[in-house]
Structure formats: C-alpha cells, structure tokens
Amino acid sequence: MRVETVGAESPVTSGDRWRAFVADPRWTLFAGLVVLNVFDMITTALVLDRGGEERNPFVQPLVDNLWHVGLLKGLVLVLVATLLTRCRGSRIAELALAATTGWYLAVVSWNVAVLTIL
C-alpha cells in the first residue's frame, strides 16, 4: 500500500482514497446507472424478441444490432463519468445524475411491466 504525506497532516494511504471514492454517493448512483443501463438492454431485447417495439428515437436506428446499442450506451456512460470527475462538488451534476438514474429505473420498470403482458 502506497503512503503519501500531505503537508503536516497524517499520511494518506491509497486505501483511504479508495474508501472515500466508494463512499461518495455520486459514484454509487453512477454504478446504479451502469447496472440499470445493462438491465435496459436486456429487458429491451426481451421485449423486442416478443414482438414489442423500441420507442426511443435515438436507439431506433440501432436496435437491430445490440452491439451498437451497447457501444452508444457505453460512450454516454464514459461521458457521464468524465463529467462527474470534472464537476466535483457540483450540485447540478448530482441532481442530473440522480434524475437520470431515476429515469432509467422507470424505463427498466416499464420494460418489465411490458414483459409481463407480452
């Protein structure tokens, strides 16, 4: 474990930094957003296999290839992670992340509801 000294304060270990990172609620929300995006892809694929249709106009042109959808979602998630890293302490970024995570929870819930009737 690497130890760094910070001025006259006590040494800060890399483990301390990891615990601080994991305890940050923004990254917990981001992890939830990643998981919900994966569930969105899975549930959408199941809905489409059962005769449903994609309603998201950004994804409709890509829906025939799950890899393209995954690439698009991955790029957006990288952008979100970059913004979170650069906007430390931004209340607007935190609220936007919370709203986006909530939106994806609603989307996945909708997909599951549609699956129960198809």
Side-chain angles (χ1 to χ4, degrees):
M1 185 174 289
R2 198 178 85 188
V3 176
E4 298 175 18
T5 55
V6 181
E9 299 173 14
S10 62
V12 177
T13 65
S14 58
D16 292 335
R17 287 184 182 199
W18 174 249
R19 279 186 286 285
F21 173 78
V22 171
D24 186 342
R26 295 176 314 142
W27 294 109
T28 303
L29 274 173
F30 180 74
L33 183 61
V34 170
V35 169
L36 286 169
N37 268 272
V38 171
F39 284 157
D40 178 34
M41 285 180 55
I42 293 168
T43 57
T44 298
L46 291 171
V47 167
L48 293 172
D49 284 346
R50 293 185 175 143
E53 60 185 59
E54 177 61 59
R55 295 292 191 141
N56 182 337
F58 297 107
V59 178
Q60 276 178 342
L62 306 173
V63 81
D64 291 334
N65 189 328
L66 194 59
W67 291 106
H68 291 156
V69 175
L71 180 62
L72 175 65
K73 286 182 174 284
L75 289 172
V76 171
L77 288 169
V78 167
L79 175 65
V80 170
T82 302
L83 289 172
L84 282 177
T85 302
R86 295 185 183 262
C87 298
R88 289 187 188 110
S90 168
R91 186 76 176 135
I92 293 172
E94 291 172 8
L95 290 173
L97 177 62
T100 304
T101 304
W103 174 258
Y104 269 93
L105 180 59
V107 167
V108 171
S109 298
W110 176 259
N111 286 350
V112 170
V114 169
L115 283 171
T116 63
I117 60 172
L118 288 180

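The heavy-atom pair separating E54 from L48 by the smallest distance is N-CD2, 3.6 Å. Closest non-hydrogen pair, L97 versus R26, comes out as CD2-O, 3.2 Å. T101 and L36 get closest at one heavy-atom pair: O-CD1, 3.5 Å.
Both L84 and W103 are members of a single hydrophobic cluster when ILVMFWY side chains are connected at heavy-atom separations under 4.5 Å. Residues V38 and L71 do not share a hydrophobic cluster, clusters being chains of Ile/Leu/Val/Met/Phe/Trp/Tyr side chains in contact below 4.5 Å. In terms of hydrophobic clustering, with Ile, Leu, Val, Met, Phe, Trp and Tyr side chains grouped at heavy-atom distances under 4.5 Å, V80 and V108 are assigned to a common cluster. Both V47 and I42 belong to a single network of hydrophobic side chains, linked directly or stepwise wherever heavy atoms of I, L, V, M, F, W or Y lie under 4.5 Å apart.
Within the structure, the side-chain hydrogen bond (donor to acceptor under 3.5 Å, both in side chains) test picks out no pair touching residues 75-90 (sequence neighbours left out).
Side-chain contact between L29 and L33: absent, with no pair of heavy atoms (C-beta onward) separated by less than 4.5 Å. Using a 4.5 Å cut-off on side-chain heavy atoms (C-beta onward), L77 and F30 make contact.
More than 12 heavy atoms of other residues, nucleotides or ligands lie within 6.0 Å of CG in L118, so this atom counts as buried by the packing criterion.
Remark: the backbone N or O of M41 is not paired with any side-chain donor or acceptor of T44 at under 3.5 angstrom.
Note that OH of Y104 is 3.5 Å distant from NZ of K73, once rounded to the nearest 0.5 Å.
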